[in-house]
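Quick notes on the structure that follows.
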Amino acid sequence: MATLHYRQQQVGDVEVFYREAGPGDAPVLLLLHGFPTASHMFRDLIPLLADRYRVIAPDLPGFGQTKAPPRERFPYSFDALAEVIGGFVDAIGLERYALYIFDYGAPTGLRLAMKHPERVTAIISQNGNAYVEGFSDQWGAWEAYWRDPSEANREACRASLSPDAIRDWQYGTGSDRALLSPDGYELDIAYMARPGAEEIQLDLILDYRSNLALYPAFQAYFRAHQPPLLAAWGRHDPAFVPAGAFAYTRDLPEAEVHLLDAGHFALETHHEKIAALVRDFLGRTLANPGSDARSAGARPATVPGQRTGVRCMPQPMSTSPFAEPLIRIGETAIARQDDAALDAYFAPNFLFHGPGGDLTYPELKAYFASLRAALSGMTVERAAIIGEGSYLAARTIFSGTFDAVFTAAPGGPLQPNGRQIRWEVMNHFRYDEDGRLAEEWVQYDVRALNEQLRVPARNQADPQGE
């Protein structure tokens, strides 16, 4: 087993603490942690990768063992975090590296990638979001603070920093408690209790809005440079839903997406599984270290018939028993009215979770009817379908000509504009033991849809579509 070293590197006024293991001449994997943790979140992953890679995991300023000035003398923003980590990368001489990005590590690492795309050999995103579709409906207090940075809204965000929120919401949601070691969350709770720590985190919570403003730039980077990308995603993450993982395939058609039966801190319970995925992915991607990110390594073939070309893992569309019925119900019962087929497909206690709130099955069926009435020639297509057990995830595309009143619009009835509408959503489905659809989560870009519908600004829902 490779020896793990604990080191410090001075970058301006910041002393960056980092963990390092693996051969000095091996391909580099840079691990960037998230909120509210530090590089100790990688304590179980590093030993499983360090025989093959030089693994480096720094603590971001304001986190863990990195020593940075107080907030009065240091701007705790994501631009500043990226500047320090960029200086750290330069100081220790990293010329090429793969990025492992998680939570706050995603906007930090993607800033580095945009600045020096030639350095990035591959990206592993473990619940590291870069798309509005990835947001759950649990961001209310933070969003209010972004819109109005008042003292009252700042205080409302403080609940996110409490021991209960860290232990039970951040770590506990969707995790198997029998596999969840207290080591990680107890250390995070202790770090948060240090003098000044909460105020630093509240500064970063406010600045998180800068990351959303950069999402189009991140996505432009993906399209321009096509870095090989693996998304290993805890499907039960209460903050970043699986739609965020599948959204990568829109700009990176060859991205590999894996959903894990885990929560936000998937490494706490699934480090062996994630290590295996990373080893396989990098083993193929970096097979030819001298090539650039767009041509590195052999890649598996695309699933036949997959419209987007996404590599579906662990279970492709053709092997999921729920995939073909999902395609058929869209084409024959949603695009065209067939209430009997819908009644047979949906479970009686079905529940829909969307940007505008929850709907029962009768309410969703009425919404479908309103959509059909508004869009002539309506079609429903499914793409990028991935299945695992009783779950499916997919991209759904609604198309049609908006030439009749849309009575079910969130802000009230909308008059037609005669435009051709193409509306993409990310779906996550759960089926019951009888094979009927029991629950559905949907995310989409509300702003983009409103622009197509030409919704007046006063009628628009929250533009981030969370």
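Rounded to the nearest 0.5 Å, atoms NE2 (His270) and CG (Leu179) are 7.5 Å apart. Atom-to-atom distance recorded for Glu381:CD and Ile397:CD1 is 5.5 Å, nearest 0.5 angstrom.
Without hydrogens or angle criteria, Asp44 side chain to His271 main chain gives no donor-acceptor distance under 3.5 Å. A donor-acceptor pair under 3.5 Å links the side-chain atoms of Asn127 to the main chain of Gly234, judged by distance alone.
Considering only heavy atoms from C-beta on, Arg395 stays 4.5 Å or farther from Val425 through its side chain. Considering only heavy atoms from C-beta on, Ser77 stays 4.5 Å or farther from Leu206 through its side chain.
Between Arg250 and Glu133 there is a salt bridge, since at least one side-chain N of the basic residue sits less than 4.0 Å from a carboxylate O of the acidic one. Arg119 has no carboxylate O lying under 4.0 Å from a charged side-chain N of Glu95, or vice versa, which leaves the two without a salt bridge. In summary, Arg154 and Glu199 engage in a salt bridge, as defined by a charged side-chain N under 4.0 Å from a carboxylate O. By the 4.0 Å N-to-carboxylate-O rule, Glu256 lies close enough to Arg284 to be salt-bridged with it. Checked for salt-bridge contact, Asp59 and Lys67 miss the test: no charged N lies under 4.0 Å from a carboxylate O. The pair Glu268-Arg43 meets the salt-bridge criterion, with a side-chain N (NZ, NE, NH1 or NH2) lying under 4.0 Å from an Asp/Glu carboxylate O.
Residues Phe102 and His264 place their aromatic rings such that the two centres sit under 6.0 Å apart. With ring centers used as reference points, His33 lies under 6.0 Å from Phe63. A ring-centre distance under 6.0 Å is found for Tyr248 and Phe222. Aromatic rings of Tyr100 and Phe42 (six-membered ring for Trp) have centroids within the 6.0 Å cut-off, being under it. Checked against a 6.0 Å centroid threshold, the rings of Tyr208 and Tyr104 count as neighbours. Checked against a 6.0 Å centroid threshold, the rings of Phe135 and Phe240 count as neighbours.
Gly109 and Ile101 get closest at one heavy-atom pair: CA-CG2, 4.3 Å.
At least one cation-pi condition fails for Arg7 and Phe17: the charged atom is not both under 6.0 angstrom from the six-membered ring centre and inside a 45 degree cone around its axis.
Taking a 6.0 Å sphere around CD of Glu72, one finds it holds more than 12 heavy atoms contributed by other residues, nucleotides or ligands.
Residue Tyr76 is tested with Leu60, Ile205, Asp207, Leu204 for a side chain to side chain contact (heavy atoms under 4.5 Å, CB included); the sole match is Leu204. Residue Thr37 forms a side chain to side chain contact (heavy atoms under 4.5 Å, CB included) with just one option from Phe265, Tyr185, Tyr191, and that option is Phe265.
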